[in-house]
Amino acid sequence: MLIKPSEITPQQVYESRRQFIAKMALGAVAGGALWEMANRAAFAQEPAQKLAAKLNPSYAALDKQTPFKDASTYNNFYEFGTDKDEPHQSAHTLKTRPWTVTIDGEVKKPVTLDIDSLLKLAPLEERIYRLRCVEGWSMVIPWVGYSLSNLIKKVEPTSSAKFVEFTSLADPKQMPGVGSRVLNWPYVEGLRLDEAMHPLALLGLGMYGQTLPNQNGAPVRLVVPWKYGFKSAKSIVRIRFVKDMPRTAWNVSAPNEYGFYSNVNPEVDHPRWSQSSERRIGEDGFFQKKRKTLMFNGYSEVAALYTGMDLKKNF
Ligand code: MTE
């Protein structure tokens, strides 16, 4: 009987050995391009899988959708580098199956769910959301997922749960950017519990009718359309319910620039640039007039979450 190396060697050791052998062999003859091909083969990205989802008309922005090509090649995912085109070039090394998300902290029913259970937890919906990046650009993306509240209700937060903390994977073996000091890894984001329960807050499992490309945060991410894009943590491995406001990655790195709330607000400028307008990726030419940024990115139904709060102080 033949035993495959993959059966006797732990998966990662086996994979890195396969890569090493491929690299040695190819390095000798060709280098560059061939090594890149072998590397891609060794870390084959999960093929995109179609996701059946019904459009939710209550959450279907009428704006022209951003072409898939732009949405999947112009990305922020610092775990794969800080340039916009690095994530789509490098994120094929992210292994998105098997994948689990641990949901714990101040909950009555902590649980670890694999990605198939998450895909089945609630009916998948298509929602067309605008997403506004703090850098001054925006996109319109047809996401696939369901309200995060479906998941929150399952774990039954205790009365002490006031905030929800989201943690992204930080594995330097799969994510070359995690070796850099650009942020404190892992990437952590957070919401107040009532924000997380708002029906607009989406647990994203796909886009454009299929599973998420790695560079867009496969296999599971957050999409919080009334907040700057960085609140929408990608490739989430843990969701923790806590008493105190989480220390989020961007807030820790530059507290005077990135607050906890980070609601889209054209009246509160970033200390280094205006937030009053935005460039729509894929639609507007570089010299095209910019669009006006709208309060809460146009999602005025969330305003009641902030009644009585000074949104200049709580930026
Ligand atoms: N999540 C992680 N883990 N790492 C990141 O660097 N970047 C954020 C957010 N989520 C980021 C992240 C920022 S700044 C933005 S604008 C959005 O992801 C971009 O999402 P998109 O590439 O799908 O448009």
Side-chain angles (χ1 to χ4, degrees), residues 65-91 93-94 96 99 101 127-145 165-172 174-191 201-208 210-239 246 248-254 257-259 262-264 270 273 275 278-283 293 297:
Q65 286 179 28
T66 303
F68 175 81
K69 190 167 187 305
D70 293 304
S72 59
T73 56
Y74 189 90
N75 301 102
N76 276 335
F77 199 169
Y78 277 21
E79 287 86 337
F80 294 99
T82 54
D83 287 345
K84 295 283 177 283
D85 61 350
E86 278 180 300
H88 94 270
Q89 284 170 8
S90 319
T93 56
L94 178 64
T96 57
W99 189 280
V101 180
R127 296 190 183 182
I128 306 164
Y129 280 169
R130 292 179 293 273
L131 197 69
R132 164 68 156 80
C133 179
V134 74
E135 295 164 341
W137 49 266
S138 59
M139 296 201 196
V140 183
I141 297 181
W143 299 102
V144 177
E165 180 191 80
F166 304 86
T167 305
S168 299
L169 180 73
D171 178 0
Q174 303 179 58
M175 301 169 134
V178 168
S180 87
R181 297 250 201 107
V182 58
L183 283 174
N184 268 342
W185 310 107
Y187 194 97
V188 171
E189 256 312 330
L191 297 171
L202 185 86
L203 193 72
L205 294 151
M207 60 189 232
Y208 299 84
Q210 56 190 38
T211 45
L212 290 166
N214 287 358
Q215 60 271 27
N216 289 86
V220 54
R221 67 173 292 171
L222 207 55
V223 189
V224 193
W226 72 94
K227 292 178 179 278
Y228 290 119
F230 68 85
K231 297 296 287 180
S232 296
K234 295 178 166 181
S235 306
I236 294 171
V237 289
R238 189 176 186 196
I239 301 177
T248 63
W250 282 104
N251 185 243
V252 167
S253 89
E257 299 190 12
Y258 307 106
S262 290
N263 291 316
V264 174
H270 185 278
W273 60 82
Q275 290 291 20
E278 68 204 54
R279 188 165 63 90
R280 191 58 60 81
I281 298 296
E283 182 184 311
T293 289
N297 201 19

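Whatever order the structure lists them in is the order used to number ligands and atoms, beginning at 1. All values reported here derive from a predicted model rather than from experimental measurement.
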Worksheet, complete the sentence: A student comparing Tyr78, Tyr258, Tyr74 should find that the heavy atom closest to atom 6 (O) of ligand 1 comes from Tyr78
Item to complete: Identify, with sequence neighbours excluded, every residue that meets side chain to side chain contact (heavy atoms under 4.5 Å, CB included) alongside Val178.
Response: Glu79, Ala170, Pro172, Met175, Trp185
Worksheet item: Can you list the atoms of ligand 1 that are under 4.0 Å from a heavy atom of Phe77?
Response: 2 (C), 3 (N), 4 (N), 5 (C), 6 (O)
Item to complete: Could you tell me which atoms of ligand 1, counted from 1 in the order shown, lie closer than 4.0 angstrom to a heavy atom of Asn75?
Response: 21 (P), 22 (O)
Worksheet item: Which residue and non-hydrogen atom of the protein lie closest to atom 21 (P) of ligand 1, and at what distance in Å?
Response: Lys234 NZ, 3.4 Å
Worksheet item: Does a side-chain N-to-carboxylate-O contact under 4.0 Å join Glu189 and Lys227?
Response: no
Practice prompt. Determine, considering heavy atoms only, which of Tyr187, Trp143, Phe230 sits nearest to atom 11 (C) of ligand 1.
Written response: Tyr187
Worksheet item: Can you tell me how far the OG atom of Ser235 sits from the CZ atom of Phe77, to the nearest 0.5 Å?
Response: 3.5 Å
Response to the item:
Within 4.0 Å of some non-hydrogen atom of Ser168, the atoms of ligand 1 are 3 (N)
Item to complete: May I ask whether Arg221 places a heavy atom under 4.0 Å from ligand 1?
Response: yes
Worksheet item: Any idea which protein heavy atom is nearest atom 7 (N) of ligand 1, and the distance to it?
Response: Asn76 O, 3.2 Å
Discussion item. Once you restrict to heavy atoms under 4.0 Å, what part of Glu79 touches ligand 1? Side chain, backbone, both or neither.
Written reply: side chain
Fill in: Pair His270 + Tyr258: ring centers closer than 6.0 Å
yes
Discussion item. Treating Ser232 as the side-chain partner and Val224 as the backbone partner, does any N or O pair qualify as donor plus acceptor under 3.5 Å?
Written reply: yes
Item to complete: Measure the OH-OG distance between Tyr78 and Ser253 for me, rounded to the nearest 0.5 Å.
Response: 9.0 Å
Worksheet item: Has Ser232 got any heavy atom lying under 4.0 angstrom from an atom of ligand 1?
Response: yes
Fill in: Leu94 side chain reached by Phe80 side chain, heavy atoms, under 4.5 Å
yes
Item to complete: Just jot down the ligand 1 atoms closer than 4.0 angstrom to any heavy atom of Cys133, in number order.
Response: 16 (S)
Fill in: Other residues, nucleotides, ligands: >12 heavy atoms within 6.0 Å of Asp83 CG
yes
